[in-house]
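In what follows, a single structure is set out as structure tokens and then discussed.
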Amino acid sequence: MAAPRIRPQTLEEQIIYGTIVGSWALWLVGGLYVASPVIGWLLLAIAVARMLGLRADAAPAKGIPLGVLVWVAGMLVLLVALIVGHLEFDLGAAKTLKSFMGWIKGWALLAVFVCVGATMRIRPAVLYRASCVLGAQTLLLTPIFVLAALLQLPRILYVSPLLAIGGPGPEFFNVELYGVEPTTGQPRWRFFAPWAPAAGIIASMSYIFALYERDWRWKAIGLLSALVVCVLSQTRMALVAVPAITIAILVLSNLSRSWPFAGAAIVCLLALPFLESIMNLIDDLQSAFLGARASSSRVRATLQSIAVHRWGSEAPVWGHGIVERGSHLVEYMPIGSHHTWNGLLFVKGIVGFAALALPLAWSSVEMLIKAQCDRVARAALAMLMLLGLFSFGENLEILIYLVWPGMVLVGIATRRRLMNPFRRRL
């Protein structure tokens, strides 16, 4: 029997489905970084136009959920922190304008896509299927990338002229077949992400979407593609996130039942005699995790230490306004990068830290409650857990242009009503 076809039914579904499925085409022209802010603000404009009665192609949203307003408020506070930080350090109008444009293409999109998901007619199945179709394309292209590395073909084919529009760096516009790990000299693939660990977060998001795909054929393709990207990108966080989120969602979405608590009690009792051995095993695993790429771990740890020290001693409330280039000690990596929370402290202070932490916590609690009887909320909770895990190794602001479908899913789940957890619904 052929797999049921998921047809986009609304304008917003057509835009979202087409953008996800067309990711490789956008990568080929260097347009991925440009596409997400364009479609995000475009969809938001359409939603606002419907609310104001300026468009009659669909019924306007009946209201904006409180969870969406929390995200909007948080991202606006980040904008305030940005402006105050620039004023306190007298960074000038040019840098302030540049940072404001970065906010439009970065943090603001978190609220934009949550709002889009909550106020527009978008079915979760469209996101799941589009991600699996993209996964099929990735599986077809992967042998080409692997063969290119084996034959030692040129790594970077060209840099897209869209680089002239502006962005964090040329790696966002490179058309690259494979990369090379500097410490080992071995190939490492980043697919259509700016760097290999970013490919890991895409793969983890695709894994979540594939888990909730209804058709087993597309599910298998999506899961296989996600695991292939996790392995070839050699992203340690993704290799941890995939099994961790799978187990966590199974447990957290069944808190209205007794078996998670009974199971936890049994596991604790059985593990108690082996506590010392378990602690030693955890230490060994942590050492192996950090030692798998020791130089990278050292640079990240030093960056985090510098960022936290300078935040506390120089700009604890509003931050420094912008990242600063590091010294040779951290291989000239920007201070405030490679860690969302330490980066927020350094750039936007405790105000910016709270502006992201509170919406993320709010949505996580909301999805946890809804997940007891709502399948979509479970997927959204998994997405929020994924963002939480990767926030300790990546700067989410930079990668929003890749994970925006996950925020649309969070918005969709936000608009769904809370049900009695003792009347479970698949």
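Computation of the quantities below employed the complete heavy-atom set of this structure, encompassing side-chain atoms and omitting hydrogens, waters and symmetry-equivalent molecules.
Note: Leu76 CG to Trp71 CH2 = 13.0 Å, rounded to the nearest 0.5 Å. Rounding to the nearest 0.5 Å gives a distance of 10.0 Å between CG of Leu358 and CH2 of Trp362. Once rounded to the nearest 0.5 Å, the distance linking CE of Met407 with OG of Ser363 reads 6.5 Å. If you take OH on Tyr178 and CD on Gln186, they are separated by 12.0 Å, rounding to the nearest 0.5 Å. Rounding to the nearest 0.5 Å places CD1 of Ile46 at 10.5 Å from OG1 of Thr119. Here the straight-line distance linking atom OG of Ser36 with atom CD1 of Ile400 works out to 8.5 Å at 0.5 Å rounding.
Residues passing the salt bridge (Lys or Arg N to Asp or Glu O under 4.0 Å) test with Glu394, sequence neighbours excluded: Arg300. Contacts of Phe192 classified as ring pair (Phe, Tyr, Trp, His ring centres under 6.0 Å), with partners at least two apart in sequence or in another chain: Trp24. Judged as a side-chain contact (heavy atoms from CB on, under 4.5 Å), and not counting sequence neighbours, the contacts of Thr19 are Ile15, Leu26, Ile39, Trp404. For Glu314, the side-chain hydrogen bond (donor to acceptor under 3.5 Å, both in side chains) test picks out Arg310, His320, with sequence neighbours left out. In terms of the salt bridge (Lys or Arg N to Asp or Glu O under 4.0 Å) criterion, residue partners of Glu176 (sequence neighbours excluded) are, by chain and number, Arg155, Arg190. By the salt bridge (Lys or Arg N to Asp or Glu O under 4.0 Å) test, Arg415 pairs with no residue at all, sequence neighbours left out. Residues forming a side-chain contact (heavy atoms from CB on, under 4.5 Å) with Ile104 (at least two apart in sequence, or on another chain): Trp41, Phe100, Met101. For Pro170, the side-chain contact (heavy atoms from CB on, under 4.5 Å) partners two or more places apart in sequence, or in a different chain, are Leu163, Asn174. Scored by the ring pair (Phe, Tyr, Trp, His ring centres under 6.0 Å) test, Trp195 finds Phe172 as partners (sequence neighbours excluded). Annotation: side-chain contact (heavy atoms from CB on, under 4.5 Å) contacts of Val133 (sequence neighbours excluded): Tyr17, Val21, Arg129, Gln137, Trp218.
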Candidate pair Thr235 and Cys230, rule side chain to side chain contact (heavy atoms under 4.5 Å, CB included), full reasoning: CA-CA 6 Å; Thr235 305; Cys230 282; over 6 Å; no

Working for side chain to side chain contact (heavy atoms under 4.5 Å, CB included), residues Val34 and Lys105: CA-CA 9 Å; Val34 179; Lys105 296 182 293 183; over 6 Å; no

Lys219 vs Cys132, side chain to side chain contact (heavy atoms under 4.5 Å, CB included): CA-CA, chis, key distance, verdict: CA-CA 7 Å; Lys219 180 191 289 285; Cys132 290; 5.8 Å; no

Stepwise side chain to side chain contact (heavy atoms under 4.5 Å, CB included) check, Leu43 with Ile16: CA-CA 9 Å; Leu43 289 172; Ile16 289 175; 3.9 Å; yes

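In this structure the side chain of Phe191 reaches within 4.5 angstrom of the side chain of Leu232, judged on heavy atoms. Residues Val403 and Met383 form a side-chain contact, since some pair of their non-hydrogen atoms from C-beta on lies under 4.5 Å apart. Side-chain contact between Leu134 and Ser225: absent, with no pair of heavy atoms (C-beta onward) separated by less than 4.5 Å. Contact of the Pro197 side chain with the Arg188 side chain is registered, since non-hydrogen atoms from C-beta on lie closer than 4.5 Å. Within the 4.5 Å cutoff, the side chain of Lys348 has no heavy atoms near those of the Leu356 side chain. No side-chain heavy atom of Val159 sits under 4.5 Å from any side-chain heavy atom of Val175.
With hydrogens and angles ignored, the 3.5 Å screen pairs a side-chain donor or acceptor of Gln372 with a backbone N or O of Leu252. With Trp103 contributing its side chain and Met75 its backbone, the two residues share a donor-acceptor pair below 3.5 Å. At distances below 3.5 Å, at least one donor-acceptor pair connects side-chain atoms of Trp189 with backbone N or O atoms of Phe145. The main-chain N or O of Ala371 is never found under 3.5 Å from a side-chain atom of Ser253 such that the two would form a donor-acceptor pair.
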Using atom types as modelled, flag every donor-acceptor pair under 3.5 Å from a side chain in residues 384-391 to any protein atom, sequence neighbours excluded.
from   : atom 1 : to     : atom 2 : distance (Å)
Ser391 : OG     : Trp341 : NE1    : 2.7
Ser391 : OG     : Gly388 : O      : 2.6

All N/O donor-acceptor pairs, side-chain side in residues 199-212, below 3.5 Å, sequence neighbours left out:
from   : atom 1 : to     : atom 2 : distance (Å)
Ser204 : OG     : Gly200 : O      : 2.8
Ser206 : OG     : Ile202 : O      : 3.0
Tyr207 : OH     : Thr246 : OG1    : 2.8

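Closest of all the heavy-atom pairs between Gly31 and Leu162 is CA-CD1, 3.7 Å. Counting all heavy atoms, side chain and backbone alike, Ala118 lies closest to Val68 at CB-CG2, 3.4 Å. Minimum interatomic distance between Ser99 and His86 (heavy atoms only, all atoms of both residues): OG-NE2, 2.8 Å. In this structure, Ala413 and Lys370 approach most closely via the heavy-atom pair O-NZ, 3.0 Å.
Between Arg50 and Glu12 there is a salt bridge, with a side-chain nitrogen of the basic residue lying less than 4.0 Å from a carboxylate oxygen of the acidic one.
Put simply, the residue from Ile122, Val114, Val116, Val126 that forms a side-chain contact (heavy atoms from CB on, under 4.5 Å) with Ile412 is Ile122.
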